[in-house]
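Naming convention: chains lettered A, B, ... in sequence-line order (proteins, then strands); numbering from 1 in each chain. The figures that follow rest on heavy atoms only: side chains count, while hydrogens, waters and symmetry mates do not.
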Amino acid sequence: MPADTQPRYDPQAIEKTWQDRWEAADCFTARHDPARPKYYVLEMFPYPSGRIHMGHVRNYTMGDVVARYKAARGFSVLHPMGWDAFGMPAENAAMQEGGHPAEWTYNNIAVMKGQMKPLGLSIDWSREFATCDVEYYGQQQALFLDMLEAGLVYRKNAVVNWDPVDMTVLANEQVIDGKGWRSGAEVERRELTQWFFRISEYSSDLLAALDGLDNWPEKVRLMQRNWIGQSRGLQFPFTTVNAPEGFAQIEVYTTRPDTLLGASFVAVSPDHPLARHLEAESTEVAEFVADCRRIGTTEEALEKAEKRGLDTGIRVRHPLDPECELPVWIANFILMDYGTGAIFGCPAHDQRDFDFATRYILPIPAVFVAEGAEEEPLAEAYVPPKTQRVRYVRGFAGAELQTGEDAVEAAISDCESRGIGRGVTQYRLRDWGLSRQRYWGCPIPVVHCESCGVVPEKKENLPVALPMDVSFDQPGNPLDRHPTWRDCACPKCGAPARRETDTMDTFVDSSWYFARFTAPRANTPTDAGEADYWMNVDQYIGGIEHAILHLLYSRFFARAMHRTGHLPERCIEPFDALFTQGMVTHEIYMTRDARGRPVYHLPEDVADGKVKATGEAVQIIPSAKMSKSKKNVVDPVDIIDRFGADTARWFVLSDSPPERDVEWTSAGAEATYKHLARVWALCDRIAAMPDGTAGPADSDLMRAMHRAIADVTKAIDGFAFNKAIAELYAFTNTLSRSDSSGTAQKTAMRTLAQLMAPMVPHIAEDIWAHQGGKGLVAQADWPQADPAMLVSDTVTLPIQINGKRKGEISVPADAPKEAVEKAALSADAVVKALAGAVPKKVIVVPGRIVNVVV
RNA sequence: GCCCGAGUGGCGGAAUGGUAGACGCAGGGGAUUCAAAAUCCCCCGCCGCAAGGCGUGCGAGUUCGAGUCUCGCCUCGGGCACCA
């Protein structure tokens, strides 16, 4: 540090000061003020992993810009923060390092909060909660009981991935090559009784309501649409010929009933009741089915597995032709979860069925051929788009020439009128299994009683709190082996009973936290008055990775909360606007060790393309999401220490549009710091100027200022923070070069501080104070652009000849078309191009351009 | 395989159908300095000495005028997937 007398931009000195001043002035406490419009801005709350990363900084800075901007626009702003605190990492830590998951979690929260505070976010911390707080999950249990009573929760058997060593259920992504990710043990498919939310009851509503979410990214709506997966088809029974008792009929579902006369076999899932029945009787079937299940644990294996089947010997009658009998196979590619778990195969028009029929030498009768074509043997399935018109050679409903779509509808009505089957709308969306055989989650508040069965806990007995005296030194769920926690009295008959030891999926916790923020200390899940004032979330901001599950579950929960009286009806779509921000990326620096294996280096250990310590040249791999394993991470804490929070905030907003990834570069971070230091020095210089009298340069500066107000406002309103920052750079350059009076420059500087405040609030306060601004800029009204200052007296118009720019003219802004045309025709370039000839046409677009056609 | 989205300087990116490349980074030149850092000023799409010409992935089209609209291709990115 040079010992010069000039004060320098010193973020460490100013940032803490202003944060304390905001706190002293109680700037960010959300106030329920019926006289003012409210604005609820929410960023997806973090999992307390232990450290914040740049992705958090970007996410919360975007939310903070919106929150501070809306506050300046006169809204009563709610901008809360909490912690998505249940989940497996805490249990894993307890298993590996000892201690209790709660201890690990609350420690992490304290550390992360300590890292977030220096960012200067305008968060109402008085509303903070963690989902593992018993006050929160106790209310979640109340919600669960209400949903149970409303018929939105039920129990059924479901197949799960069971790790026999860890004695736990595994999620699909925890099963690697058919083995448990931790234990390495062969995973079994086991059937357990599990709790489910009846989300499928809302399939059609959740689908239809997507159309109304105008302020959601189209991409997210599309992903949800595909996930819900509506399809229209025919469901009908095949009558069996020689099936075991109880299987007189096999119900199938098809989206292509028009291909019914192309059926060559019927196939059922290995998990179909018929397969189950035969499995018990025949070792051949049992072996085949067991084989299918062995493969059936990972998606990858399923994908690679060839289509295999086993002929059961059972035959069914074709509903349209009783003479025709079809064989019933068990096939490994039929899913029990979709449709009825049974299909008819039409190999001519489905590639999977074609492969299957080819392998087992089954007939392949064509139903339709291309328009104008003749029937001939097929080398592969013929699957034209449903919208394409084809010629039906084995049709039974509708015209001979028709599209697949029309033929499907015709086939459904035909089958309905003959009483063969019925038209059915199916959804891919399945009910949401919420049971987890885990400790660190919200206990499911029910009791198992020998005489009464499954009994909901009484509300007055809530919360069902997790016991703290547990150990993780043996596999399985500690709740299962706790000596006393399980024991309780049946809420119905009072007899000794046992608690449910399953806990809830952590997606449940995050499906209603946004509603809880409106009344975080209420002794019911929500408070009607508070929810009515604050809901909906006006702007929700988070990562695209939550496009489907979290957002779909939240939409379901909002509906369920309305049905159980916890939210008004207008809140069934809780997020008015959604913004999905891009990631923060960084280059990867790699060298190779003696055996050629990649070795990664942290950015701070690399300089000028070389590893600092060894001088070895690194290979630079293009930007990718920051990840610990690739070591391409920069720690926000380090950046704040070095440059201050304002630099971190400004940088993550600049350069790239918010929805796209932004690449973190040390050059960019340094340049940001330099810019802020320049603004700070400019402020210092301007503050020292005498006021002086207004000169001609003053009006230019004021015009530029109003232009900047208009442009920055528009950019923030449009979520284009990178453009807002570009406008701020431009205005700063204009101001620093202006030779206007001190009075004008001080006005401009104050306005610049206001416009910068949402992005870089600390330096903005400092400048505001230096320039004699009243109070805190955090509490000042947003500046207004004067429309009169946005129009200028003269305009410069480009002159085109045949659409190519050749010159420009300067004319009064209000000049009539004829005058502009005259001026354009006398411009040098035009005179030269015309060479005395008469132009064919002259197009004058007032205020924009003149095009002369020759 | 199906469904989306995107291709603009060395880089990140601007641009209601109307001056392509705002703003930033990197780079070049200069000032200041004993020197360096820091700071300030200027230049910076490509070809060309210049005049000028060419330029928004490729090819057509609509238009007085296309990065922007239409059609066809290419490349990259994302989502979904034995879904009957």
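Ring orientation note: the planes of A:H318 and A:F238 are nearly perpendicular, at an angle over 60° on the 30°/60° scale.
For A:K806, a side-chain nitrogen or oxygen approaches OP1 or OP2 of B:G53 to under 4.0 Å. Of the side-chain N and O atoms in A:K723, one or more sit less than 4.0 angstrom from OP1 or OP2 of B:A15. Remark: A:N851 is not in phosphate contact with B:U19, judged by side-chain N or O atoms under 4.0 Å from OP1 or OP2. Between A:R428 and B:A81 there is a side-chain N or O to OP1 or OP2 distance below 4.0 Å. The side chain of A:Y253 places no N or O atom within less than 4.0 Å of a non-bridging phosphate oxygen (OP1 or OP2) of B:A84.
A 3.5 Å limit on both hydrogen-bonding distances identifies B:G57 as the Watson-Crick or G-U partner of B:C73. Applying the Watson-Crick and G-U wobble criteria (two distances, each under 3.5 Å), B:C64 pairs with B:G18. As the counterpart of B:G27, B:C43 is assigned, both hydrogen-bonding distances of the Watson-Crick or G-U wobble pattern falling under 3.5 Å.
Distance OH (A:Y729) to C1' (B:G13): 13 Å, rounded to an integer number of Å.
With A:S200 contributing its side chain and A:R430 its backbone, the two residues share no donor-acceptor pair below 3.5 Å.
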* Yes or no on side chain to side chain donor-acceptor pair (under 3.5 Å) for A:E587 and A:Y589, after CA distance, side-chain angles and deciding distance? -> CA-CA 7 Å; A:E587 289 176 330; A:Y589 304 115; 2.9 Å; yes
